[in-house]
Amino acid sequence: MAQAVNQVILLNEVASTTTGAAVDVSKYQYVSVAIASIGGTATVKFRGAVKKDSACTGTISATNMWDYVGYIDCQTVTATAGDTGVSLTNGDCRNLVIYTAGLDAIMGEVTAVAGAKVTAYVVFTDNR
C-alpha cells in the first residue's frame with residue numbers, strides 16, 4: 001500500500017504571476033499535488049525538468065531542458081495537457097497526480113491571478 005512520506009510547499013499564498021522553487025522529484029514516478037485558491041481566480045501550470053542542473057526557468061536549451069507537464073485531476077479522473085494548466089476559483093481545492101517518471105524537478109507557475117492567493121503542496125508517496 002502506498003503511503004505519503006513527505007510533503008513540500010510548491011506555492012505559498014502566491015498572489016501574483018510567478019514561479020515557485022523547483023522541487024526534486026527524481027525518485028518518484030508520480031507525485032500528488034494539492035492546490036487551493038482562496039479568493040478570486042487563478043491559473044497554474046506545472047513545469048518539469050529532465051536534467052538535474054535545470055531550474056525549470058529561463059530559455060530552454062541543451063543544458064536547461066524543461067516543459068509544461070500535464071496532470072490527472074483526481075475528482076474528474078481526466079487528463080489535462082501541461083500547456084493548459086489548472087483553473088481555480090475562490091475556495092477551489094484540487095487534488096492532482098503528475099506523472100514524473102524521468103523528470104528531475106517540477107515547479108508551479110501561476111500564469112494568471114485576480115484577487116487570489118494560491119497554495120500548493122507536493123505529496124511524495126512510497127511505492128509499497
Residues which pass side-chain contact (heavy atoms from CB on, under 4.5 Å) with [X], listed by chain and number, not counting sequence neighbours:
X    : value
A120 : L10, L11, V33, I35
N95  : A34, C74
S32  : V97, V123

| What class does the angle between the rings of Y28 and F124 fall in, given that below 30° is parallel, 30 to 60° is tilted and above 60° is perpendicular? |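 Taking F124 first and then Y28, their aromatic rings sit tilted (interplane angle of 30° to 60°).
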
Where [X] and [Y] come nearest, the two heavy atoms and their spacing:
X   : Y    : answer
S26 : D104 : CB-OD1, 3.5 Å
A22 : A105 : CB-CB, 4.2 Å
G40 : A116 : C-CB, 4.0 Å

How many angstroms lie between atom [atom1] of [X] and atom [atom2] of [Y], to the nearest 0.5 angstrom?
X    : Y    : atom1 : atom2 : answer
M107 : T19  : CE    : OG1   : 4.0 Å
M65  : L103 : CE    : CG    : 13.0 Å
K27  : T100 : NZ    : OG1   : 13.0 Å
I98  : Q29  : CD1   : CD    : 14.0 Å
I106 : W66  : CD1   : CH2   : 13.5 Å

| request: Please identify each residue that fulfils side-chain hydrogen bond (donor to acceptor under 3.5 Å, both in side chains) with Y68, with sequence neighbours left out. | output: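 With sequence neighbours excluded, Y68 shows a side-chain hydrogen bond (donor to acceptor under 3.5 Å, both in side chains) to E109, given in chain and number order.
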
| Qualifying residues under side-chain hydrogen bond (donor to acceptor under 3.5 Å, both in side chains), relative to N90, sequence neighbours excluded |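 side-chain hydrogen bond (donor to acceptor under 3.5 Å, both in side chains) check on N90 returns nothing, list empty.
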
| said: Check for me, please, whether V118 and V8 land in the same ILVMFWY cluster - side-chain distances under 4.5 Å, paths through other members count. | reply: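 They do share one cluster, since a chain of ILVMFWY contacts under 4.5 Å joins V118 to V8.
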
| With the 4.5 Å side-chain cut-off for hydrophobic clustering, are V69 and V50 part of the same group? |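 They do share one cluster, since a chain of ILVMFWY contacts under 4.5 Å joins V69 to V50.
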
| request: Flag the pair D73 and R94 as a salt bridge only when some basic side-chain nitrogen lies within less than 4.0 angstrom of an acidic carboxylate oxygen. | output: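 The answer is yes: the pair qualifies as a salt bridge.
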
| request: Determine which pairs satisfy salt bridge (Lys or Arg N to Asp or Glu O under 4.0 Å) with at least one residue from residues 9-23, sequence neighbours left out, and list them in order. | output: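 Matches after skipping sequence neighbours: none remain.
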
Contacts under 3.5 angstrom, residues 77-89 side chains, donor-acceptor by atom type, not counting sequence neighbours:
residue: T78; atom: OG1; partner: T76; partner atom: OG1; Å: 2.7
residue: T89; atom: OG1; partner: D92; partner atom: OD2; Å: 3.3

